[in-house]
Amino acid sequence: MLVEIGLCLVALLVVFISYFVHAWSNPKSNGKLPPGSMGLPIIGETLHFFSSHSLYEVSPFFKKRMNRYGPMFKTSLFAQKMVVSTDPDINYKLFQQENQNLLFWFSGSFTKMIGEEKLLAGHGSIHKYVKNLLLHFVGAENLKAKLLPEMDIATQRRLQIWARHGSVDVKDDCGQMIFESFAKRLISYDTANDTMKLGANLKAFMDGLISFPLNIPGTAFHASMQGHKRSMKAMQDIYNERKASKVSKNDFLDHLLEEMKKENTFLDESNAVKLLYGILFAAFEATSQAITLVTKFLCEQPDVLAELTKEHEELLKRRVDENSPFTWEEYKSLTFTHMVINETIRLGNIAPGIFRKVVKDLEINGGRLTFAGYTIPAGWIFMAALPVGKELNSGSKNFMGFGIGVRLCVGAEYAKLQVALYLHYLITKYRWSLIKGGDVVKKPVNMFPNGLHIKIAEK
């Protein structure tokens, strides 16, 4: 009797597993799904997505599926059902205008950072409200009047420290340069008295940002979550202390506290802390990545370095005083420098694509698009893979380093300004050469397994 019951249970289990596997491999849709494979149940094709490749190669994950299925395919990543598009035309069409059926979506640890309030992922009036808040801080006027002078000082100070040491790992140390000036204007954070270790914990969070969401000790995701927990606590403590003290420090946190007093605000305490954290994260990660990569490229491309040197030396000749601070007008005049920065960001984008959650069944149709007739079901994730193209103007079909359409990154100008400042002083005041490292592996984000060590000295 027990044997028969056991056999029945095994049979039921086999039937259940078979049904589950079949349902996973053949997801339902109210229309026609793109071709593709859903991979293993739950895990999907995530492991292959993290396959390593060089900086200049197309990801083997994308390459294999594009060759087999074409420029649009279904898959499963991060335990989510997805449709991936590698076609710049359709991506541009979908993202050029605000689409209420496509909501911001972030994987794993980044979702934890945003939280349930989703202020940073808001649409319509909420998005407009947040955008205006951020423009108050990193818009052109504030960049010129307040941020640029402090960025100039912090950049020069960090390069002087590098030269005194004689060598440096640019990958590890350039973030400190950014953190020093940005955190000061954001929350008046004193990096010289970093008892909260905000920068170190923020870096720990970033190191596991795009990882398989397995939150157990020993995994990259777990280490990332621990870094996030500690750095969020530090940010919450800073917020609480400022709110209780009522002492104005003329920074962005002061502006948020004033904004929260208004009747029509979308902000509450939780959102304000997450917003501060998100801004600091974006500035720290994207800009330090760009600075590391541009240093690597200049070590490898002497012709580019020579052209940059020529442009910045001509800038110095136009000054009345050669040692005058770097100005906004000078920054805007550096045509070739901007080309180098854009190319660096194109090749070294910190994310493998732009993700959106489909709220309502989305039909892909219209005009010359070859995908007419496909339907992406509600609840699925749409991923626009970042292209490798030649157009370097911001937000074009082939360059989405700072996003696209109404979602173009508000902090794009800040990031480019910081890289331009770094290049200006590095080129005009220092000699340097690569002594170790410089290899870049994408998994799918950029990783420097051996760092980027340079020897540096004043001219």
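Worth knowing before you read on, the calculation uses all heavy atoms, side chains too, and leaves out hydrogens, waters and symmetry mates. Source: prediction; values computed, not measured.
- Atom-to-atom distance recorded for S51:OG and E45:CD is 10.5 Å, nearest 0.5 angstrom.
- More than 12 heavy atoms of other shown residues, nucleotides or ligands fall within 6.0 angstrom of atom NZ in K459.
- Using a 4.5 Å cut-off on side-chain heavy atoms (C-beta onward), M82 and F355 make contact.
- Nearest heavy atom pair, residue L452 against residue D169, reads N-OD1, 3.0 Å.
- Side-chain contact annotation: S333 with E311, donor-acceptor N/O pair under 3.5 Å absent.
- In summary, the aromatic rings of H228 and Y277 are positioned with their centroids under 6.0 Å apart.
- Ring orientation note: the planes of F62 and F49 are nearly perpendicular, at an angle over 60° on the 30°/60° scale.
- Aromatic ring centres of F137 and Y414: separated by at least 6.0 Å.
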Checklist entry - After noting the C-alpha distance and the side-chain angles of L256 and L133, does the key distance pass the side chain to side chain contact (heavy atoms under 4.5 Å, CB included) rule? => result CA-CA 8 Å; L256 284 190; L133 271 180; 4.1 Å; yes

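- Here the CZ atom belonging to R318 is positioned 5.0 Å from the CG atom belonging to L315, to the nearest 0.5 angstrom.
- Below 30°, between 30° and 60°, or above 60°: for F73 and F61 the angle between ring planes is above 60°, a perpendicular geometry.
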Checklist entry - After noting the C-alpha distance and the side-chain angles of L423 and V419, does the key distance pass the side chain to side chain contact (heavy atoms under 4.5 Å, CB included) rule? => result CA-CA 6 Å; L423 288 174; V419 179; 4.1 Å; yes

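- No side-chain heavy atom of M383 sits under 4.5 Å from any side-chain heavy atom of T75.
- Environment of NZ in K357: sparse, with no more than 12 heavy atoms of neighbouring residues, nucleotides or ligands closer than 6.0 Å.
- The minimum heavy-atom distance between D251 and I187, with the atom names listed, is OD2-C, 3.2 Å.
- K74 contributes a side-chain N or O that, together with a main-chain N or O of P34, makes up a donor-acceptor pair within less than 3.5 Å.
- With no hydrogens or angles considered, no side-chain donor-acceptor pair links E458 and Q160 at under 3.5 Å.
- The structure places CD of Q236 at 6.5 Å from CE of M232, a figure rounded to the nearest 0.5 Å.
- A salt bridge links K332 to E413: one of the charged nitrogens lies within less than 4.0 Å of a carboxylate oxygen.
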Next on the checklist: Using side-chain hydrogen bond (donor to acceptor under 3.5 Å, both in side chains), reason through T337 and H312 one step at a time and then give a plain yes or no.
Outcome noted: CA-CA 9 Å; T337 300; H312 285 264; 3.0 Å; yes

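- Residues S85 and F382 come closest through the heavy atom pair CB-CZ, 3.6 Å.
- Annotation: R319, atom CZ; neighbour count of heavy atoms from other residues, nucleotides and ligands within 6.0 Å is above 12.
- The structure places CG of L148 at 11.0 Å from CG of N142, a figure rounded to the nearest 0.5 Å.
- Contact detail for Y239 and A272: the closest heavy-atom pair is CE1-CB, 4.2 Å.
- Rounding to the nearest 0.5 Å gives a distance of 14.5 Å between CZ of R158 and CG of L426.
- Y422 and T295 are linked by a side-chain donor-acceptor pair at a separation below 3.5 angstrom, with hydrogens and angles left out of the test.
- Of the inter-residue distances, the one linking I435 atom CD1 with H453 atom NE2 reads 7.5 Å to the nearest 0.5 angstrom.
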Item to check | Test side chain to side chain contact (heavy atoms under 4.5 Å, CB included) applied to I454 and Y430, step by step | outcome: CA-CA 12 Å; I454 63 170; Y430 298 91; over 6 Å; no

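- Within 6.0 Å of the NE2 atom in H255, the count of heavy atoms belonging to other residues, nucleotides or ligands exceeds 12.
- Residues C174 and S288 approach most closely at SG-O, 3.4 Å, considering heavy atoms.
- Residues R242 and D254 are paired through a salt bridge, judged by an N-O separation under 4.0 Å between the basic side chain and the carboxylate.
- For K171, the side-chain hydrogen bond (donor to acceptor under 3.5 Å, both in side chains) criterion is met by no residue, not counting sequence neighbours.
- When all heavy atoms of A79 and T46 are compared, the pair lying nearest together is N-OG1, 4.4 Å.
- The residues K296 and E300 are annotated as salt-bridged, a charged nitrogen and a carboxylate oxygen being separated by less than 4.0 angstrom.
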Item to check | Working for side chain to side chain contact (heavy atoms under 4.5 Å, CB included), residues S52 and M447 | outcome: CA-CA 10 Å; S52 62; M447 302 178 70; over 6 Å; no

